[in-house]
2 protein chains.
Amino acid sequence: MSKCSQRHHKHSHSHSCNHPQSDLSELTAKLRKNARKITGPRQAILDLLRQHPHPMTNKEIQAGLPEGMCDLATIYRSMHMLEEMELVKRFDFGDGTARFELVHEGEDGHHHHLICTVCADVVEIDECFQQELEDAIAKRHGYQAVTHKLEFFGVCPECQEDAKKAREKKGK
Amino acid sequence: MSKCSQRHHKHSHSHSCNHPQSDLSELTAKLRKNARKITGPRQAILDLLRQHPHPMTNKEIQAGLPEGMCDLATIYRSMHMLEEMELVKRFDFGDGTARFELVHEGEDGHHHHLICTVCADVVEIDECFQQELEDAIAKRHGYQAVTHKLEFFGVCPECQEDAKKAREKKGK
DNA sequence: GCCAGTTATGCAAACCTTTTGCAATTCAGG
DNA sequence: CCTGAATTGCAAAAGGTTTGCATAACTGGC
């Protein structure tokens, strides 16, 4: 599995780019290969994810779809399937709710996030620590197929401002 | 569950050392300071955690306590309190269940784990990537008070063996 | 030591996210 | 277009975690 060793997507988030039809074709191909069906809900979910630069919860996905178009259970099932098919990537922000992001063609979707602990704003982080560290850890303990999950948490500029104002107000 | 639970953890860490009475005194001091009470359940939980080198779930904690000594709800409440008091540290292995580890005196408990995705064996990892990366990320995006959560996942040596045997058997 | 007042606990019910059983529906290939 | 397999919706269940409330336990002051 490829990692994030020397990527340098500066700050650009390829996520906001448009990959017009590509998803559908890729979807079709990948699904067909596994004897899976191309259904309305599945297409709609991928379409929706394509427009979102950040991970979405299943509830958010449902809310983003046309009213009543898709049952929550179907979304859960779809996400499992899409994840297994590596069309989406699952992220865990530590709040007990899974989030999913579209994986773009040719990428493996491995990256991290910086999440505001106050307002839950999300910034995509494309850099990662050196691969050597992971390799060293794997080797030292004899583990294989080692991967990692990494997320950053902090307070975003806006919330810092808010906090500051709140303090001033209180001080008066 | 614990096929590989108590194996040689070669590079054992400070976590397996004994800090005899220290916890109690520290506990008492910290609790008193916050007008909290030193109760049986709370002491028992810390005692139990002191003997465990790896993070425990609330259920495991309850199971490790004398039969019927403590309600699950009490454990949940205790862990919240102990976490806020920085006597324990919460970890998230991505399986939707919180785990807690004792924080030893003078430490902040920040470290990571390497978890076997097959048998759930855990190895403590004391190293971390360079602080500079985190600082750079924080600065670039204007975030403050940035921290991170990082866990490694892979297949432990024993489970690699098991898988190998299974393959051979099948091949015959 | 004992009391009063506050903090904790146990128990049961509630909450949330996620999973699952099952009958009805939809899709793909012939 | 038809048929069988895959998928969906709905409702119920399963986990983990939280919460309301009456009862029990702890602490500081007498």
Side-chain angles (χ1 to χ4, degrees), chain A residues 24-25 27-48 55-85 87-100 120, chain B residues 1 24-25 27-48 55-85 87-88 90-100 120:
Chain A
L24 185 63
S25 55
L27 165 67
T28 320
K30 290 209 180 186
L31 288 184
R32 284 255 168 67
K33 193 157 47 180
N34 294 57
R36 267 13 193 308
K37 294 182 179 176
I38 296 154
T39 67
R42 289 173 184 178
Q43 289 185 53
I45 290 171
L46 286 180
D47 273 349
L48 181 63
M56 298 179 81
T57 65
N58 283 352
K59 264 191 179 165
E60 287 169 349
I61 290 173
Q62 187 185 35
L65 259 34
E67 176 78 34
M69 140 156 252
C70 192
D71 190 83
L72 238 196
T74 298
I75 297 184
Y76 274 98
R77 283 188 276 232
S78 294
M79 298 323 287
H80 275 298
M81 191 217 69
L82 294 172
E83 184 185 10
E84 195 165 323
M85 218 142 275
L87 285 170
V88 304
K89 181 118 183 151
R90 174 189 301 257
F91 289 95
D92 179 1
F93 287 2
D95 66 346
T97 313
R99 275 157 227 264
F100 299 89
Chain B
M1 175 187 257
L24 184 64
S25 53
L27 166 66
T28 321
K30 290 209 182 185
L31 288 185
R32 284 254 167 68
K33 193 158 43 184
N34 293 57
R36 261 27 191 300
K37 293 183 178 174
I38 297 152
T39 67
R42 289 173 183 177
Q43 289 184 53
I45 290 171
L46 286 179
D47 273 348
L48 181 63
M56 298 179 80
T57 64
N58 284 351
K59 263 192 180 168
E60 287 168 350
I61 290 172
Q62 187 184 36
L65 259 32
E67 176 78 33
M69 139 156 254
C70 193
D71 189 83
L72 238 197
T74 298
I75 297 183
Y76 275 97
R77 283 187 277 231
S78 295
M79 299 324 286
H80 275 299
M81 191 215 70
L82 293 171
E83 184 186 9
E84 195 165 322
M85 218 144 274
L87 286 169
V88 305
R90 175 189 300 257
F91 289 96
D92 178 1
F93 287 3
D95 66 346
T97 312
R99 276 158 228 265
F100 300 90

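Chain letters run A, B, ... following the sequence lines, proteins first, then strands; residues in each count from 1.
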Under the criterion side chain to side chain contact (heavy atoms under 4.5 Å, CB included), which of A/Met56, A/Met81, A/Glu83 is the partner of A/Val88?
->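 Only match with A/Val88 under side chain to side chain contact (heavy atoms under 4.5 Å, CB included): A/Glu83.
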Heavy atoms from C-beta onward define the side chain here; which of [options] lies closest to that of [X]?
X: A/Cys70; options: C/dT17, D/dG9, C/dT9; result: D/dG9
X: B/Lys37; options: C/dG5, D/dT17, D/dT7; result: C/dG5
X: B/Asp71; options: D/dC10, C/dT9, C/dC11; result: C/dC11
X: B/Thr97; options: D/dT17, D/dG9, C/dA8; result: D/dT17
X: B/Arg42; options: C/dT9, D/dT7, C/dA28; result: C/dT9

Between B/Thr39 and B/Leu72, which has a closest nucleotide on DNA chain D that is more 5'?
->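 The answer here is B/Leu72.
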Hey, which sits more toward the 5' end of DNA chain D by its nearest nucleotide, A/Ile75 or B/Ala73?
->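 It is A/Ile75 whose nearest nucleotide is closer to the 5' end.
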Working to the nearest 0.5 angstrom, can you tell me the gap between [X] [atom1] and [Y] [atom2]?
X: B/Glu60; Y: B/Ile75; atom1: CD; atom2: CD1; result: 11.0 Å
X: A/Asp71; Y: A/Gln62; atom1: CG; atom2: CD; result: 7.0 Å
X: A/Met79; Y: A/Leu87; atom1: CE; atom2: CG; result: 9.5 Å

Between [X] ([atom1]) and [N] ([atom2]), how many Å, whole number?
X: A/Glu60; N: C/dT18; atom1: CD; atom2: C1'; answer: 16 Å
X: A/Ile45; N: D/dT7; atom1: CD1; atom2: P; answer: 13 Å
X: B/Met69; N: C/dC11; atom1: CE; atom2: P; answer: 13 Å
X: B/Gln62; N: D/dT17; atom1: CD; atom2: P; answer: 13 Å
X: A/His80; N: C/dT18; atom1: NE2; atom2: C1'; answer: 7 Å
X: B/Glu84; N: D/dT18; atom1: CD; atom2: P; answer: 13 Å
X: B/Gln43; N: D/dA25; atom1: CD; atom2: P; answer: 15 Å
X: A/Arg36; N: C/dT26; atom1: CZ; atom2: C1'; answer: 16 Å

Go through the N and O atoms of the side chain of A/Lys59 and the base of C/dT17, and report whether any donor-acceptor pair is under 3.5 Å.
->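 Such a pair does not exist between side chain and base.
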Do the side chain of B/Arg77 and the base of D/dG20 come within less than 3.5 angstrom through a donor-acceptor pair of N or O atoms?
->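 Side chain to base: pair found, below 3.5 Å.
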What are the two closest heavy atoms between A/Met69 and A/Pro41, and how far apart are they?
->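 Result for this residue pair: CE-N, 4.5 Å.
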Grab the two heavy atoms, one from B/Pro55 and one from B/Arg99, that are nearest each other, plus how far apart they are.
->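 Minimum heavy-atom separation between B/Pro55 and B/Arg99: CB-CB, 3.4 Å.
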Check every strand shown and say whether B/Met79 touches a base, only sugar-phosphate, or nothing at a heavy-atom separation below 4.0 Å.
->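 Result for B/Met79 = nothing.
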Considering just the side-chain nitrogens and oxygens of B/Tyr76, establish if one lies under 4.0 Å of OP1 or OP2 belonging to D/dT17.
->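 Looking at the OP1 and OP2 atoms of D/dT17, one of them is under 4.0 Å from a side-chain N or O of B/Tyr76.
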Once you build an axis from the first five pairs and another from the last five of the helix from C/dG1-D/dC30 to C/dG30-D/dC1, how far apart in angle are they, to 10 degrees?
->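 Inter-axis angle at the termini of the helix from C/dG1-D/dC30 to C/dG30-D/dC1: 40°.
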Side-chain contact test, heavy atoms from C-beta onward, threshold under 4.5 Å: evaluate it for B/Arg90 versus B/His80 and give yes or no.
->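 Yes; the side chains approach each other to less than 4.5 Å.
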Are any non-hydrogen side-chain atoms of B/Thr97 and B/Asn58 less than 4.5 angstrom apart?
->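 Result no, sub-4.5 Å side-chain heavy-atom pair not found.
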